[in-house]
Amino acid sequence: MKVVVEHTKALFKNTDEAPPWARMTICSLATGIPLLVGWWQGELNSAIYASLLGYFVALNDHLGSLVHRLLVATLSFVALIAAFVLGVSLHEHFAIFISITLLLTYWLGLMGGLGAEAERLLLFSSIQILVAYYTPRMGTGSLDSLLHYGLIGYSVVLLGMVISNHFLRGKTLEYARLHSSLLSSLTFSRRRHIYAFSYMVAALLAILCIQYFVIERGYWTIVTVMLIMKPDHKESVYRSLQRFIGTLVGVGLGEALIVSTQSVQVLIIGVMISAFLIPYAMKRNYWLVSFFVSIVVMFLLSIPVIGHPDTHLPFVRLEATLYGCLLSVVGVLLFKVIEKIFIKIPTQ
């Protein structure tokens, strides 16, 4: 009983850090303004994907000098747009898609939580490829609209950085620069390569499960593996449980709010509030992150079908998340087994 209590406390333990108000505000506006403009101009479908782009660009901000922050934001924007276009172009090329995905996953595994900016840039770009690949084919006009609304979110991030830089002046923050974090992935560490291999195998199993079981919106399964599998075995198990618990609560509350409203504006405001709270949740507990992210996802997917909610969507989200959590645990077990076989003396 004591062990259960200790693990439960560890699952829901919150870190005591001050809210990053500037980052929270930028994330909310970069996610929400493209949606508001898209709603006003009657092009919500393109604006939805662009809002995700603005959200990712805003999250890949680890402070530092203003010039450095603007450079990282610009690089992130270009990489995310290119990744989405690549994902769309691979619709009829499954072999190439799976090869690129596994290559990126292995590289991401080599970073192993060590390269802040470069790791998130690679992670978010990989997610863009997955989302675009598993989304019905978009025409050239849709891609043009995506770029148009994406530029709005990107501009909001840049403006927010310039304005907030005044309030952040004098503050310092430990972070791994792009150069150093990229170099960290060029390692000969046997342990990190074993982890990268296990990480890649878990992603491969996720892709095969999607194909075999025809999982709707199966990219959620792969993304779950990418987000929660970590080199630390205990942390991976905890994150799996936190991911599922946060998703369960998030889709339940999100669906209740969707059913009770007939207003696109209400859902957009809900997206902005949730996006506002995500950077703070990232400093508190991962189950809170999963909770708010699930609400954002549920609301974004429900905006185009407002008034006719997809009551099956919560179960699809839960199913895909559950598969991803289980496969990440499989990946962790594989990593642990191979590590014991090939590493007799722990190395870094």
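- In the hydrophobic cluster analysis, where Ile, Leu, Val, Met, Phe, Trp and Tyr join through side-chain heavy atoms closer than 4.5 angstrom, Phe188 is grouped apart from Leu110.
- Residues Tyr149 and Leu53 form no side-chain contact, since every pair of their non-hydrogen atoms from C-beta on lies 4.5 Å or further apart.
- In terms of modelled atom types and a separation under 3.5 Å, the side chain of Thr221 and the main chain of Gly324 share no donor-acceptor contact.
- Between the Arg120 side chain and the Asn60 main chain, no donor and acceptor come within less than 3.5 Å of each other.
- Between the CG atom of Leu36 and the CD atom of Gln265 there is a distance of 9.0 Å, given to the nearest 0.5 Å.
- Hydrophobic cluster membership for Leu333: Val329 (Ile, Leu, Val, Met, Phe, Trp, Tyr linked by side-chain heavy atoms under 4.5 Å, directly or transitively).
- With a 4.5 Å cut-off on side-chain heavy atoms, Ser302 and Ile306 do not count as touching.
- In terms of heavy-atom proximity, Pro304 sits nearest to Leu300 at CD-O, 3.3 Å.
- No more than 12 heavy atoms of other residues, nucleotides or ligands shown are found within 6.0 angstrom of CZ on Phe315.
- Checked by atom type and distance alone, the side chain of Arg243 never pairs as donor or acceptor with a backbone atom of Cys325 at under 3.5 Å.
- Here the closest heavy-atom approach between residue Ala30 and residue Gly54 is recorded as CB-O, 3.6 Å.
- Leu158 CG to Leu151 CG: the interatomic distance, rounded to the nearest 0.5 Å, is 10.0 Å.
- Considering only heavy atoms from C-beta on, Phe77 stays 4.5 Å or farther from Leu80 through its side chain.
- Heavy-atom minimum distance, Ile26 versus Ala58: CG2-CB, 4.2 Å.
- Between Asn165 and Met161, every side-chain heavy-atom pair lies at or beyond the 4.5 Å cut-off.
- At distances below 3.5 Å, at least one donor-acceptor pair connects side-chain atoms of Ser260 with backbone N or O atoms of Ala256.
- Atom CD1 of Ile303 and atom CD1 of Ile258 lie 9.0 Å apart (nearest 0.5 Å).
- Side chain of Ser198 to main chain of Val332: no donor-acceptor pair is present (N/O by atom type, distance under 3.5 Å, no hydrogens or angles).
- Sorted by first then second residue, the ring pair (Phe, Tyr, Trp, His ring centres under 6.0 Å) pairs that include residues 196-224, not counting sequence neighbours, are Tyr195-Tyr199.
- Between Tyr134 and Phe97, the distance separating the two ring centers is shorter than 6.0 angstrom.
- Under the 4.5 Å side-chain heavy-atom criterion for grouping Ile, Leu, Val, Met, Phe, Trp and Tyr, Leu103 is not connected to Leu204 through any hydrophobic cluster.
- In terms of hydrophobic clustering, with Ile, Leu, Val, Met, Phe, Trp and Tyr side chains grouped at heavy-atom distances under 4.5 Å, Leu322 and Leu318 are assigned to a common cluster.
- Between Cys209 and Tyr323, the closest side-chain pair of non-hydrogen atoms is not below 4.5 Å.
- The two residues Ser164 and Ala22 make their nearest non-hydrogen contact at CB-CB, 3.7 Å.
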Requested in this report: Check step by step if side chain to side chain contact (heavy atoms under 4.5 Å, CB included) holds for Phe244 and Thr224.
Outcome: CA-CA 10 Å; Phe244 187 75; Thr224 296; over 6 Å; no
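- The shortest heavy-atom contact between Val225 and Ala202 is CG1-CB, 3.7 Å.
- Here the straight-line distance linking atom CG of Leu52 with atom CZ of Phe84 works out to 9.0 Å at 0.5 Å rounding.
- By the 4.5 Å heavy-atom criterion applied to side chains, Leu104 and Ile100 are counted as neighbours.
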Report task. Give the intermediate values and the outcome of side chain to side chain contact (heavy atoms under 4.5 Å, CB included) for residues Met282 and Leu59. Result -> CA-CA 10 Å; Met282 292 173 69; Leu59 282 187; 3.9 Å; yes
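- The hydrophobic clustering, which links ILVMFWY residues whose side-chain heavy atoms are closer than 4.5 Å, places Val266 and Leu301 apart.
- When every heavy atom of His91 is checked against every heavy atom of Ala132, the shortest pair comes out as NE2-O, 2.9 Å.
- Checked against side chain to side chain contact (heavy atoms under 4.5 Å, CB included), Ser155 has no partners two or more places apart in sequence or in another chain.
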Can you give me every donor-acceptor pair (side chain of residues 267-278, partner residue at least two apart or in another chain, under 3.5 Å) with its distance?
{"from": "Ser274", "atom 1": "OG", "to": "Gly270", "atom 2": "O", "distance (Å)": "3.0"}

Report task. Determine, step by step, whether His148 and Gln41 satisfy the side chain to side chain contact (heavy atoms under 4.5 Å, CB included) criterion, reporting the C-alpha distance in whole Å, the side-chain angles of both residues, the deciding distance to 0.1 Å, and the verdict. Result -> CA-CA 12 Å; His148 167 67; Gln41 296 183 340; 3.7 Å; yes
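- Rounded to the nearest 0.5 Å, atoms CE (Met298) and CG (Leu313) are 4.5 Å apart.
- Counting only distance, with no hydrogens or angles, the side chain of Arg217 and the backbone of Arg317 share no donor-acceptor pair below 3.5 Å.
- Counting heavy atoms from C-beta outward, Met226 and Leu130 have side chains that approach closer than 4.5 Å.
- A distance below 6.0 Å separates the ring centres of His233 and Phe335.
- Using modelled atom types, one side-chain atom of Ser89 and one backbone atom of Leu86 make a donor-acceptor pair closer than 3.5 Å.
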Query raised in the report: Under the side chain to side chain contact (heavy atoms under 4.5 Å, CB included) criterion, do Thr101 and Tyr133 qualify, and how do the steps go?
Result: CA-CA 11 Å; Thr101 301; Tyr133 179 80; over 6 Å; no
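- Judged as a side-chain hydrogen bond (donor to acceptor under 3.5 Å, both in side chains), and not counting sequence neighbours, Ser290 has no contacts.
- With sequence neighbours left out, the side-chain hydrogen bond (donor to acceptor under 3.5 Å, both in side chains) criterion links Ser328 to Ser240.
- Classified by interplanar angle (parallel below 30°, tilted 30° to 60°, perpendicular above 60°), the ring pair His193/Tyr106 is tilted.
- Summarising the geometry, atom CG belonging to Leu248 is positioned 11.5 Å from atom CG belonging to Leu253; distances are rounded to the nearest 0.5 Å.
- In the hydrophobic clustering of ILVMFWY residues, with side-chain heavy atoms under 4.5 Å counting as a link, Val72 and Val67 come out apart.
- Using a distance-only test at 3.5 Å, with no hydrogens or angles considered, no donor-acceptor pair links the side chain of His68 to the main chain of Ser65.
- Side-chain contact between Tyr49 and Val131 is present, with heavy atoms from C-beta onward closer than 4.5 Å.
- A donor-acceptor pair under 3.5 Å is formed between the side chain of Ser51 and the backbone N or O of Ile48.
- In the model, Tyr154 has a side-chain atom that pairs as donor or acceptor with a side-chain atom of Thr74 under 3.5 Å.
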